[in-house]
Novice: 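Handing you this structure, nothing more for now.
Heavy-atom basis, side chains included; hydrogens, waters and symmetry copies ignored.
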Amino acid sequence: MNLERVSNEDKLNLCRKYYLGGFALLPFLWLVNTVWFFKEAFMKPQFNEQLQMKKYVKLSALGLSVWVAALTTWITVYQTLRPEWGAMGDYISFTLPLGVP
């Protein structure tokens, strides 16, 4: 989709949908929203919907950052503590590691 051909009201509506879609455990939508609408929200000349669009872009970036931090923390904790968790650590894994922990 070419954002140049879309009205500002439609851009705001799409930005809002991507922002809300991120709450459905789809943080990739927050990434797309942040990257795709950054220029529209912060670098284009002022238009009526721009303040709301800035809010959605900022909140999408914040949500993405929190999600990435939480995922990184979980991966780190799981990788370092899995052997101590014994069988439970193996049960919550998609692939069962072979060998001695």
Novice: Quick one: pull up OG1 in Thr34 and CG in Leu59 and give me the separation to the nearest 0.5 Å.
Specialist: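 Thr34 OG1 to Leu59 CG: 9.5 Å, rounded to 0.5 Å.
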Novice: Are there over 12 heavy-atom neighbours, none belonging to Lys58, within less than 6.0 Å of that residue's NZ?
Specialist: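 No.
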Novice: Should Trp30 and Phe23 count as side-chain neighbours, where that means a heavy-atom distance under 4.5 Å?
Specialist: yes
Novice: Hey, could you give me the CE/CZ distance between Met53 and Arg16, rounded to the nearest 0.5 Å?
Specialist: 13.0 Å
Novice: Mark yes when over 12 heavy atoms from residues, nucleotides or ligands other than Phe47 sit less than 6.0 Å from its CZ; otherwise mark no.
Specialist: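 Yes, enclosed.
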Novice: Tell me whether Ile75 shares a hydrophobic cluster with Leu25, the cluster being built from Ile, Leu, Val, Met, Phe, Trp, Tyr side chains joined at under 4.5 Å.
Specialist: no
Novice: Where do Gln50 and Pro45 come nearest, in terms of heavy atoms and distance?
Specialist: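 Heavy-atom minimum between the residues: OE1-O, 3.8 Å.
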Novice: Under 4.5 Å between side-chain heavy atoms, counting indirect links through other Ile/Leu/Val/Met/Phe/Trp/Tyr residues: same cluster for Trp74 and Met88 or not?
Specialist: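 Trp74 clusters together with Met88.
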Novice: Could you check whether the rings of Trp85 and Tyr78 sit parallel, tilted or perpendicular, using 30° and 60° as the cut-offs?
Specialist: tilted
Novice: Linking I/L/V/M/F/W/Y whenever any side-chain heavy atoms sit under 4.5 Å apart, do Val57 and Leu51 land together?
Specialist: no
Novice: Show your working on side chain to side chain contact (heavy atoms under 4.5 Å, CB included) between Asp90 and Arg82 and close with a plain yes or no.
Specialist: CA-CA 7 Å; Asp90 292 339; Arg82 185 196 60 79; 2.7 Å; yes
Novice: Which heavy-atom pair separates Asn8 from Glu49 by the least distance, and what is that distance?
Specialist: CB-OE1, 3.3 Å
Novice: Kindly compute the distance separating CE (Met43) from CZ (Phe38), expressed to the nearest 0.5 Å.
Specialist: 4.5 Å
Novice: If we only count heavy atoms from C-beta on, is the Tyr56 to Tyr18 side-chain gap below 4.5 Å?
Specialist: no
Novice: Work out which heavy atom in Leu3 is nearest to a heavy atom in Lys11; give both atom names and the distance.
Specialist: O-CE, 2.8 Å
Novice: Indicate whether the side chain of Ser7 and that of Asp10 have a donor and an acceptor atom separated by less than 3.5 Å.
Specialist: yes
Novice: Between Tyr19 and Lys55, is there a side-chain heavy-atom distance shorter than 4.5 Å?
Specialist: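 Side-chain contact under 4.5 Å: no.
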Novice: Does the pair Leu14 and Trp36 meet the rule for a side chain to side chain contact (heavy atoms under 4.5 Å, CB included), with working shown?
Specialist: CA-CA 11 Å; Leu14 186 60; Trp36 203 14; 3.7 Å; yes
Novice: Could you grab the distance from atom CG of Leu71 to atom CG of Leu64, nearest 0.5 Å is fine?
Specialist: 10.5 Å
Novice: Are any of the side-chain nitrogens in Glu4 or Lys44 under 4.0 Å away from the carboxylate oxygens of its partner?
Specialist: yes
Novice: From Leu12 CG over to Phe37 CZ, what is the distance, rounded to the nearest 0.5 angstrom?
Specialist: 8.5 Å
Novice: Mind listing the closest non-hydrogen atom pair of Asn33 and Ser60 along with its distance?
Specialist: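 Heavy atoms only, the tightest pair is ND2-OG, 2.8 Å.
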